[in-house]
Amino acid sequence: MIIRKGTPSDMPSVLELIKELAVFEKEPEAVVVTVNDLVNDGFSEQPLFHCFVAEVDSEIIGIALYYYRYSTWKGKTIHLEDLIVKESKRGTGAGFALYSQIIRQGKKDKVRRIEWAVLDWNTPAIEFYKKTGANVMNDWRVAQMDEYGIDEFLKNNP
């Protein structure tokens, strides 16, 4: 298994993994991002994200997609957006290898925190994160506003 930085030519495989995750998270229709979006957004002069891929025999079996954030309390942080391993390749160590690479990247970049979200029903992931020393917080809620919400807000608050 090779863990390496993703390239533009990896983005079709990355998108397939994103779609597989959406099915797992019970939102198969939610993915609207395209390969072109991924290439443009991840490999421009100022990329919006970075990713590592896990590759076995020239097949991408997993990804860790992340970006940098800024915390008013901590300073520079990494947000791990998604850690995905193909369902048929889970248990191979790819998830742990990608997770480890993100943590190494955070140390290299001198971030003060690495953060991510996990669904409350994803017990195997929660147990994995806790076992590795992560603090899975129960007292924070994720808030989001989709495109419709943005438009409605602006319509009502010009």
Side-chain angles (χ1 to χ4, degrees), residues 1-71 76-111 113-136 142-150:
M1 181 183 319
I2 299 167
I3 304 297
R4 62 173 175 78
K5 287 189 178 235
T7 65
S9 64
D10 296 327
M11 293 306 104
S13 296
V14 168
L15 182 56
E16 287 307 309
L17 284 164
I18 291 168
K19 289 177 179 178
E20 184 175 319
L21 178 65
V23 170
F24 174 76
E25 292 184 350
K26 302 175 176 98
E27 291 197 56
E29 305 302 319
V31 178
V32 297
V33 73
T34 67
V35 170
N36 284 340
D37 291 333
L38 292 169
V39 171
N40 292 334
D41 295 342
F43 300 92
S44 63
E45 196 170 303
Q46 293 185 326
L48 299 177
F49 71 86
H50 307 276
C51 76
F52 292 106
V53 298
E55 185 178 49
V56 175
D57 297 329
S58 301
E59 177 190 8
I60 293 174
I61 65 165
I63 66 160
L65 192 142
Y66 68 99
Y67 54 90
Y68 296 94
R69 294 173 64 175
Y70 194 84
S71 164
K76 186 178 181 180
T77 68
I78 282 178
H79 181 81
L80 174 57
E81 179 64 18
D82 281 319
L83 175 63
I84 311 165
V85 176
K86 281 186 179 183
E87 188 173 8
S88 64
K89 303 296 183 181
R90 293 184 189 146
T92 63
F96 185 79
L98 288 162
Y99 182 74
S100 300
Q101 188 65 39
I102 291 293
I103 295 169
R104 281 193 288 276
Q105 187 69 44
K107 184 67 173 174
K108 176 183 168 193
D109 293 338
K110 297 180 173 75
V111 302
R113 181 172 65 208
I114 301 169
E115 57 197 11
W116 58 94
V118 59
L119 290 165
D120 62 358
W121 54 261
N122 192 348
T123 309
I126 291 168
E127 292 308 313
F128 168 78
Y129 295 138
K130 285 180 177 177
K131 194 167 64 175
T132 65
N135 178 20
V136 180
V142 175
Q144 296 180 336
M145 187 178 288
D146 63 12
E147 289 174 282
Y148 175 78
I150 293 166

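Starting from 1, each residue takes its place in the sequence as its number. On a predicted model such as this, the values are computed, not experimentally measured, just so you know.
- A heavy-atom distance below 4.5 Å is found between the side chains of Ser71 and Arg113.
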Verify salt bridge (charged side-chain N to carboxylate O under 4.0 Å, His left out) between Lys86 and Glu59, making sure each step is shown before the conclusion. CA-CA 11 Å; Lys86 281 186 179 183; Glu59 177 190 8; 2.7 Å; yes
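- When all heavy atoms of Ala22 and Val31 are compared, the closest pair comes out as CB-CG2, 3.5 Å.
- At a threshold of 4.0 Å, the pair Arg104-Asp109 does not count as salt-bridged, since none of the basic side-chain nitrogens sits closer than that to a carboxylate oxygen.
- Proximity of the aromatic rings of Phe24 and Trp121 is defined here by a centroid distance below 6.0 angstrom, and this criterion is met.
- Shown here for Leu21 and Asp82, the closest heavy-atom pair between the two residues is CD2-OD1, 3.2 Å.
- No donor-acceptor pair under 3.5 Å is formed between the side chain of Asn122 and the backbone N or O of Val118.
- Shortest non-hydrogen contact noted between Leu119 and Ile126 is O-CD1, 3.6 Å.
- The CE atom of Met11 sits 8.0 Å away from the CD1 atom of Ile18 when rounded to the nearest 0.5 Å.
- Contact annotation: the side chain of Ser88 never approaches that of Glu20 to less than 4.5 Å [non-hydrogen atoms, C-beta and beyond].
- Atom CG of Asp57 has 12 or fewer heavy atoms from other residues, nucleotides or ligands within 6.0 Å.
- Taking the six-membered ring where the residue is Trp, Phe96 and Tyr99 present tilted rings, their angle falling between 30° and 60°.
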Apply the test side chain to side chain contact (heavy atoms under 4.5 Å, CB included) to residues Thr123 and Glu127: give CA-CA distance (whole Å), side-chain angles for both, the deciding distance (0.1 Å), then the verdict. CA-CA 6 Å; Thr123 309; Glu127 292 308 313; 4.2 Å; yes
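- Cation-pi contact between Lys76 and Tyr68: present, with separation from the ring centre below 6.0 Å and deviation from the ring axis of at most 45°.
- Closest approach of Leu80 to Ile102, counting heavy atoms only: CD1-CG1, 4.0 Å.
- Rounded to the nearest 0.5 Å, atoms CD (Glu81) and NE2 (His50) are 13.5 Å apart.
- To the nearest 0.5 Å, atoms CG (Leu48) and CG (Leu65) are separated by 10.5 Å.
- Rounding to the nearest 0.5 angstrom, the gap separating the SG atom in Cys51 from the CZ atom in Phe43 is 5.0 Å.
- For the 3.5 Å distance criterion, the side chains of Thr34 and Asp37 qualify, holding a donor opposite an acceptor.
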When you look at Arg4 and Asp10, which way does the salt bridge (charged side-chain N to carboxylate O under 4.0 Å, His left out) test go after all the steps? CA-CA 11 Å; Arg4 62 173 175 78; Asp10 296 327; 2.7 Å; yes
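- A ring-centre distance under 6.0 Å is not found for Trp116 and Tyr66.
- Residues Met1 and Thr92 meet the side-chain proximity criterion, which asks for heavy atoms closer than 4.5 Å.
- Closest non-hydrogen pair, Pro12 versus Ser9, comes out as CD-O, 3.4 Å.
- The distance from atom CD1 of Ile63 to atom CG of Leu15, rounded to the nearest 0.5 Å, is 9.5 Å.
- Contact record, Ala54 with Ala94: CB-CB, 4.2 Å, taken as the closest heavy-atom pair.
- Here NZ of Lys19 is found 15.5 Å from CD of Glu27. Values are rounded to the nearest 0.5 Å.
- Contact of the Ile60 side chain with the Leu17 side chain is registered, since non-hydrogen atoms from C-beta on lie closer than 4.5 Å.
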CA sep, side-chain torsions, deciding dist, call: Ile114, Thr77, side chain to side chain contact (heavy atoms under 4.5 Å, CB included): CA-CA 6 Å; Ile114 301 169; Thr77 68; over 6 Å; no
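- Using a 4.5 Å heavy-atom cutoff, the side chains of Phe49 and Leu38 are in contact.
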